[in-house]
2 protein chains.
Amino acid sequence: MPVAQPQSHAYADPDHRSDGGLSALDQTGTLLQVLRNQTIFSEGDPVNHAYKIISGVVRLCKHLPDGRRQIAQFLFPGDYLSFVAIGDHGFCAEAVVDVSLLAFPHKHVERLCWENPDLRARLFEILSQRVREIQNHLTIIGRQTAKERVAAFMLLLSERLSHGGPRIDVPMSRYDIADYLSLTMETVSRTVSLLKAARIIAAPSLHQLELRNLPALHALADGMD
Amino acid sequence: MPVAQPQSHAYADPDHRSDGGLSALDQTGTLLQVLRNQTIFSEGDPVNHAYKIISGVVRLCKHLPDGRRQIAQFLFPGDYLSFVAIGDHGFCAEAVVDVSLLAFPHKHVERLCWENPDLRARLFEILSQRVREIQNHLTIIGRQTAKERVAAFMLLLSERLSHGGPRIDVPMSRYDIADYLSLTMETVSRTVSLLKAARIIAAPSLHQLELRNLPALHALADGMD
DNA sequence: CGCCGTGTTGACCAGTTTCAAGATTGGTGG
DNA sequence: CCACCAATCTTGAAACTGGTCAACACGGCG
């Protein structure tokens with residue numbers, strides 16, 4: 001398993017607010033580049049570093065022995081990754097597109113946390129938020145239909161990848177989307193076509209998306225079909 | 001929405017190891033009893049207390065507007081609950097059977113965390129473990145078949161409720177199990193019957209379970225069908 | 001003893017997957 | 001700049017898993 005290792009010099013975060021020592025932490029990271037579809041770490045690897053995503057998108061996924069795959073989360077610029085420091089990784093992390101990350105040795109994070117208890121409190125908050133997100137994801141996967149799931153996914157993208165305008169570019173493949181939503185690629189494709197036909201979305205190009213009817217999307221995602 | 005409130009006197013934890021201030025925390029809790037099927041807190045309620053389950057089983061669930069329900073977790077004696085202190089509850093907590101809990105005002109927990117940073121580190125670990133559990137649950141729900149899900153559930157029960165012997169008593173209804181596994185009650189029932197026919201389990205009574213063939217169960221749960 | 005909530009079983013149905021055939025897209029090299 | 005190729009995506013038809021609806025059984029309790 002190719003495991004990317006930090007190699008570069010210290011990185012200075014331009015955005016340096018007072019945020020419970022988070023930006024102080026960021027300053028200690030080393031920059032790391034990972035190419036599209038490369039593995040950042042694999043399931044079962046010992047946890048050595050925490051990461052912060054600077055640019056690109058990461059998928060957190062689990063592979064079953066027979067090839068089935070579940071993507072637990074997509075992580076976007078600004079997200080922290082693997083600051084859960086227990087034993088081995090329960091999931092593997094892969095770059096959806098070329099990614100740059102800050103890497104922090106866990107020992108380092110621990111030290112900072114002891115010097116500045118604020119920091120751990122802040123990380124605790126972030127982790128709490130994460131729990132909430134996964135639980136919502138669980139409900140979507142567990143109890144919503146294909147249409148509802150795809151709608152929810154598009155709203156996620158618009159929250160995390162919108163550059164102001166209505167146009168979003170979708171960095172991941174249909175296959176990734178399917179494994180995130182626990183569907184097949186085909187079902188995702190069909191459902192997107194359906195939403196296009198209903199004028200709820202438009203797709204100027206394959207990996208671009210325009211949400212034409214936000215209220216309808218929200219209604220769908222919330223199961224008020 | 002009936003929200004149970006702590007009412008009782010301080011509770012002394014007999015099990016008082018040095019565990020990062022966790023038992024110190026436990027000593028500050030007030031005992032609280034909640035009857036079967038009563039709500040401990042609802043989705044959207046402000047987060048005021050953290051809890052530790054002393055006895056009984058709790059379900060964490062989300063209700064969709066149209067009646068669909070997803071149970072994110074079952075919580076068992078020893079589990080902490082709602083120590084994620086951000087704004088409002090994202091899920092509701094209900095007693096599966098009569099439950100006794102310790103309740104801790106969150107302000108209190110915060111104060112203890114500042115006095116003793118160990119405690120927050122410990123809570124962080126617990127939360128990390130929780131994340132891992134939910135992610136595994138997500139994979140089960142998302143990518144495994146009915147048989148695999150039921151098998152995984154039985155293994156969970158045996159981990160958390162086994163009293164040494166091979167006999168487990170199953171405190172929750174088929175309906176609860178279904179909503180935990182994202183199936184219907186009927187499918188759970190059928191699948192259990194199937195496993196009985198295959199001599200993998202036995203069910204001396206309706207809410208009792210005996211795992212007759214552990215290896216087969218593990219094989220099923222891991223998708224090596 | 002009989003009732004009601006809960007669990008089981010059966011027959012049928014629907015949404016999603018599977019399998020298979022094309023259509024787009026993007027990258028490469030002539 | 002275009003042609004071609006591989007990868008990705010779309011669409012269609014058939015199969016299947018699990019869901020729905022309905023009847024029935026069980027079991028605890030008045």
Side-chain angles (χ1 to χ4, degrees), chain A residues 35-37 59 64 66-70 96-98 140-154 169-198 201-209 220 223 225, chain B residues 35-37 59 64 66-70 96-98 140-154 169-198 201-209 220 223 225:
Chain A
L35 295 178
R36 175 179 146 79
N37 285 326
R59 59 178 178 252
L64 300 192
D66 61 356
R68 285 176 287 181
R69 184 180 70 151
Q70 176 66 45
V96 170
V97 294
D98 294 358
I140 292 171
I141 297 303
R143 286 303 185 204
Q144 310 217 159
T145 64
K147 239 196 295 191
E148 291 166 345
R149 295 184 211 191
V150 171
F153 178 69
M154 288 175 172
D169 69 23
V170 182
M172 56 287 282
S173 69
R174 294 289 187 270
Y175 201 84
D176 282 339
I177 299 173
D179 283 344
Y180 177 74
L181 296 177
S182 298
L183 297 168
T184 58
M185 202 192 45
E186 292 93 329
T187 300
V188 171
S189 183
R190 275 185 252 271
T191 308
V192 169
S193 299
L194 232 141
L195 296 179
K196 269 199 286 195
I201 61 165
S205 95
L206 238 174
H207 286 273
Q208 275 195 327
L209 196 59
L220 265 181
D225 198 354
Chain B
L35 296 178
R36 178 179 144 78
N37 284 326
R59 58 177 178 252
L64 299 191
D66 60 356
R68 284 176 287 181
R69 183 179 70 152
Q70 177 65 46
V96 170
V97 294
D98 294 358
I140 292 171
I141 296 304
R143 286 304 186 203
Q144 309 217 163
T145 65
K147 239 198 294 189
E148 292 167 345
R149 296 184 210 189
V150 171
F153 177 69
M154 288 175 170
D169 68 25
V170 181
M172 57 287 282
S173 69
R174 294 290 188 268
Y175 201 84
D176 281 339
I177 298 173
D179 283 343
Y180 177 74
L181 296 176
S182 298
L183 297 168
T184 57
M185 203 191 46
E186 291 92 330
T187 300
V188 171
S189 184
R190 275 185 254 272
T191 308
V192 170
S193 299
L194 232 141
L195 296 180
K196 270 198 287 194
I201 60 166
S205 92
L206 238 174
H207 287 272
Q208 274 196 329
L209 195 60
L220 264 181
D225 197 355

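For clarity, every value in this text was computed on a predicted model and none was experimentally measured. Numbered from 1 within each chain, the chains take letters A, B, ... in sequence-line order.
Note that CZ of B:R68 and CD of A:Q144 are 5.5 Å apart. Values are rounded to the nearest 0.5 Å. Here the NZ-CG distance, from B:K147 to B:L194, works out to 6.0 Å after rounding to the nearest 0.5 Å. Interatomic distance, B:Y180 OH to B:R59 CZ, rounded to the nearest 0.5 Å: 14.0 Å.
Listed nucleotides: C:dG7, C:dT9, D:dT11. Nearest to the side chain of B:S173: C:dG7. When the nucleotides D:dG18, D:dT10, C:dT18 are ranked by their closest atom to the side chain of B:L183, D:dG18 comes out on top. The nucleotide whose nearest atom lies closest to any side-chain atom of B:A146 is, among D:dT11, C:dT8, D:dG18, D:dG18. Comparing D:dT11, C:dG7, D:dC9 by their closest approach to the side chain of A:R174 singles out D:dC9. Of the candidate nucleotides C:dT16, D:dT10, C:dT18, C:dT18 has the atom lying nearest to any side-chain atom of A:T184.
Close to C:dG7, at under 4.0 Å from its OP1 or OP2, lies a side-chain N or O of B:H207. One finds no side-chain N or O of A:T145 lying less than 4.0 angstrom from the OP1 or OP2 phosphate oxygen of C:dG15. For the OP1/OP2 pair of D:dG19 and a distance below 4.0 Å, the side-chain nitrogens and oxygens of B:T187 include at least one atom meeting the criterion.
With rounding to whole Å, A:L181 atom CG is found 10 Å from C:dT17 atom P. For the pair A:N37 CG and D:dT8 P, the interatomic distance rounds to 8 Å; values are reported in whole Å. With rounding to whole Å, B:L194 atom CG is found 14 Å from C:dG10 atom C1'. Going from atom CE of B:M172 over to atom C1' of C:dG7 covers 16 Å, rounded to whole Å. Whole-Å rounding puts the A:R68 CZ to C:dT17 C1' distance at 13 Å. As rounded to whole Å, 14 Å separates atom C1' of D:dA7 from atom OH of A:Y175. With rounding to whole Å, A:R143 atom CZ is found 10 Å from D:dG19 atom C1'. The distance from atom CG of B:L206 to atom P of D:dC29 is 13 Å, rounded to the nearest whole Å.
No contact: B:T191 has no heavy atom under 4.0 Å from any strand. No engagement by A:S205 is indicated, since no non-hydrogen atom pair under 4.0 Å with the nucleic acid exists.
Residue A:R190 places a side-chain atom within donor-acceptor reach of the base of C:dT18, judged by atom type and a 3.5 Å distance cut-off alone. For D:dC9, the base has no donor-acceptor partner in the side chain of A:E186 [N/O atoms by modelled type, under 3.5 angstrom].
A donor-acceptor pair under 3.5 Å is formed between the side chain of A:Q70 and the backbone N or O of A:D179. Panel note: side chain B:R174, backbone B:E186; no donor-acceptor pair is recorded below 3.5 Å.
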